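In this chain, numbering begins with 1 at the start of the sequence shown. Model, not experiment: these values are computed from the prediction.
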Amino acid sequence: MNWNIFKPEPKKQIVPKAVERDFEREYGKLQQLEEQTKKLQKDMKKSIEADLAMSKSAVKISSDLLANPLCEPDPGFLEMVTALDTAMKRMDAFNQEKVNQIQKTVMDPLKRFSSVFPSLNMAVKRREQALQEYKRLQSKLEKYEEKEKTGAVIAKLHQAREELRPVRDDFTAKNIQLLEEMPQFYNSRVDYFKPSFESLIRAQVVYYTEMSRVFGDLAQQVDQVELTDQERERENEARLAELRGLSIVADD
């Protein structure tokens, strides 16, 4: 990961190629994980917003039907729409509970997990800065090593070695730490997210179980006269034929 490609490289191999490949591989995995985590956050947010919008829309439809004069002349129809409105409000309440649970057990942990990446990226940046400083001082040292060993050159050589030592140690420490901790962080993702997605599944199961119960109750209230789908379709067609026979909807 050479961010300063136009600076002269020292002759000495600062970081073995195998080590640099390992570093780039591990950091690449974390960059991909960061991208996927952000995408998951975005998709989950969209899903929650769509879920809430659909639930509120269903409540509005049933409420609008109740306020519609269409229901007034027919007590049976009014009773059916009232049952629908009650069912929609119950489902909206269950949906809000589900969303709250998902927010607490999935979205919040996702947000906390994502907050780690800026610090990680900064640590990688500092490692790269330390590497470039190491290379600069190593090149400086090599320049003096190639010169004729006069008193002045020997003094500068000694000074260059003294300048290089703490920078080399600093880079080595940063490099070792990242090579150890990047795989640990990446491998922790499953243990971190598994409880969240178990909770997501449970929230969905509870919600759809309640939905089945609510709509089962609603079906019993609406289908007081049991009809097959074919019978219901024939009844609808008969009603539609009666409407078409009215003069106000007849073709000119």
Side-chain angles (χ1 to χ4, degrees), residues 1-51 99 101-143 145 160-161 163-204:
M1 207 181 307
N2 188 358
W3 295 353
N4 294 286
I5 58 175
F6 299 111
K7 290 188 176 182
E9 292 287 313
K11 294 178 181 179
K12 178 182 177 182
Q13 182 72 44
I14 297 294
V15 183
K17 290 182 179 179
V19 173
E20 192 63 22
R21 282 197 301 268
D22 288 346
F23 183 89
E24 290 182 357
R25 183 188 64 247
E26 294 301 328
Y27 186 47
K29 286 159 63 176
L30 291 180
Q31 287 177 305
Q32 185 180 35
L33 179 61
E34 180 181 16
E35 182 181 343
Q36 291 172 341
T37 302
K38 288 179 179 178
K39 184 178 184 301
L40 182 58
Q41 270 186 288
K42 186 176 179 180
D43 291 343
M44 286 292 299
K45 185 173 182 290
K46 285 182 178 178
S47 175
I48 288 174
E49 289 172 350
D51 214 1
V99 166
Q101 182 71 7
I102 291 173
Q103 181 66 46
K104 183 168 62 176
T105 60
V106 181
M107 293 299 290
D108 289 351
L110 269 173
K111 185 177 180 180
R112 287 193 294 272
F113 192 79
S114 293
S115 69
V116 175
F117 288 104
S119 298
L120 171 65
N121 292 329
M122 182 56 68
V124 171
K125 183 178 180 180
R126 290 194 183 108
R127 181 254 191 197
E128 183 63 27
Q129 290 170 340
L131 175 59
Q132 295 308 318
E133 181 66 4
Y134 184 5
K135 287 181 177 180
R136 185 184 72 80
L137 293 176
Q138 180 64 34
S139 295
K140 180 180 177 181
L141 175 65
E142 290 173 358
K143 183 179 71 172
E145 287 177 334
R161 285 171 177 159
E163 289 178 353
L164 178 63
R165 185 179 297 110
V167 172
R168 180 187 59 214
D169 293 345
D170 179 52
F171 167 75
T172 300
K174 285 180 168 64
N175 192 52
I176 290 173
Q177 182 180 22
L178 281 166
L179 283 171
E180 288 178 352
E181 293 184 1
M182 285 193 300
Q184 292 174 7
F185 179 74
Y186 183 79
N187 292 333
S188 71
R189 71 198 189 284
V190 175
D191 290 338
Y192 183 85
F193 282 119
K194 187 178 178 182
S196 292
F197 288 100
E198 286 175 347
S199 179
L200 173 62
I201 293 169
R202 283 195 297 269
Q204 297 283 10

- Do D170 and K174 pass the salt bridge (charged side-chain N to carboxylate O under 4.0 Å, His left out) test, and can you show the C-alpha distance, the side-chain angles, and the key distance before you say yes or no? CA-CA 6 Å; D170 179 52; K174 285 180 168 64; 2.6 Å; yes
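- Between A130 and V167, the closest heavy-atom pair is O-CG1, 4.1 Å.
- Contact check on E26 versus K29 returns a salt bridge, with a Lys/Arg side-chain nitrogen under 4.0 Å from an Asp/Glu carboxylate oxygen.
- In this pair, F185 and F117 present their aromatic rings perpendicular. The plane angle is above 60°, beyond the 30 to 60° band.
- A side-chain donor-acceptor contact under 3.5 Å links Y192 to the backbone of P109.
- For the residue pair S114 / Q41, a side-chain donor-acceptor distance below 3.5 Å is found, with atom types taken as modelled.
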- List the steps and the verdict of salt bridge (charged side-chain N to carboxylate O under 4.0 Å, His left out) for R112 and D108. CA-CA 6 Å; R112 287 193 294 272; D108 289 351; 5.0 Å; no
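- A donor-acceptor pair shorter than 3.5 Å can be found between the side chains of E142 and Q138.
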- Message: Could you walk me through whether E133 and F171 satisfy the side-chain contact (heavy atoms from CB on, under 4.5 Å) test, starting with their C-alpha distance in whole Å, then the side-chain angles of each, then the deciding distance to 0.1 Å, before giving a yes or no?
- Response: CA-CA 9 Å; E133 181 66 4; F171 167 75; over 6 Å; no
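- When side chains are defined from C-beta on, T105 does not count as touching E198, because their heavy atoms never get closer than 4.5 Å.
- Remark: the backbone N or O of R168 is paired with a side-chain donor or acceptor of T172 at under 3.5 angstrom.
- Salt bridge E24/R127: absent, no basic N to carboxylate O contact under 4.0 Å.
- Between I14 and K135 the shortest heavy-atom distance is CG1-CG, 3.9 Å.
- The backbone N or O of Y186 lies less than 3.5 Å from a partner atom in the side chain of R189, making a donor-acceptor pair.
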- Q101 vs L200, side-chain contact (heavy atoms from CB on, under 4.5 Å): CA-CA, chis, key distance, verdict: CA-CA 8 Å; Q101 182 71 7; L200 173 62; over 6 Å; no
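- Side-chain contact, Y27 with N121: a donor N or O sits under 3.5 Å from an acceptor N or O.
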- Message: Show, in sequence, the C-alpha distance, side-chain angles and deciding distance for R25 and D22, and conclude whether the salt bridge (charged side-chain N to carboxylate O under 4.0 Å, His left out) test is met.
- Response: CA-CA 5 Å; R25 183 188 64 247; D22 288 346; 2.9 Å; yes
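- Shown here is E35, whose CD atom has no more than 12 heavy atoms of other residues, nucleotides or ligands within 6.0 Å.
- Side chain of N187 to backbone of P183: a donor-acceptor contact under 3.5 angstrom is found.
- The two residues M44 and L110 make their nearest non-hydrogen contact at CG-CD1, 4.4 Å.
- Looking at K38 and K42, their side chains never come closer than 4.5 Å, going by heavy atoms from C-beta outward.
- Side-chain contact between N175 and V19: present, with at least one pair of heavy atoms (C-beta onward) separated by less than 4.5 Å.
- Both tests do not hold together for R21 against F23: distance to the six-membered ring centre under 6.0 Å, angle to the ring axis within 45°.
- Taking the side chain as every heavy atom from C-beta outward, Q36 and K39 never approach each other to under 4.5 Å.
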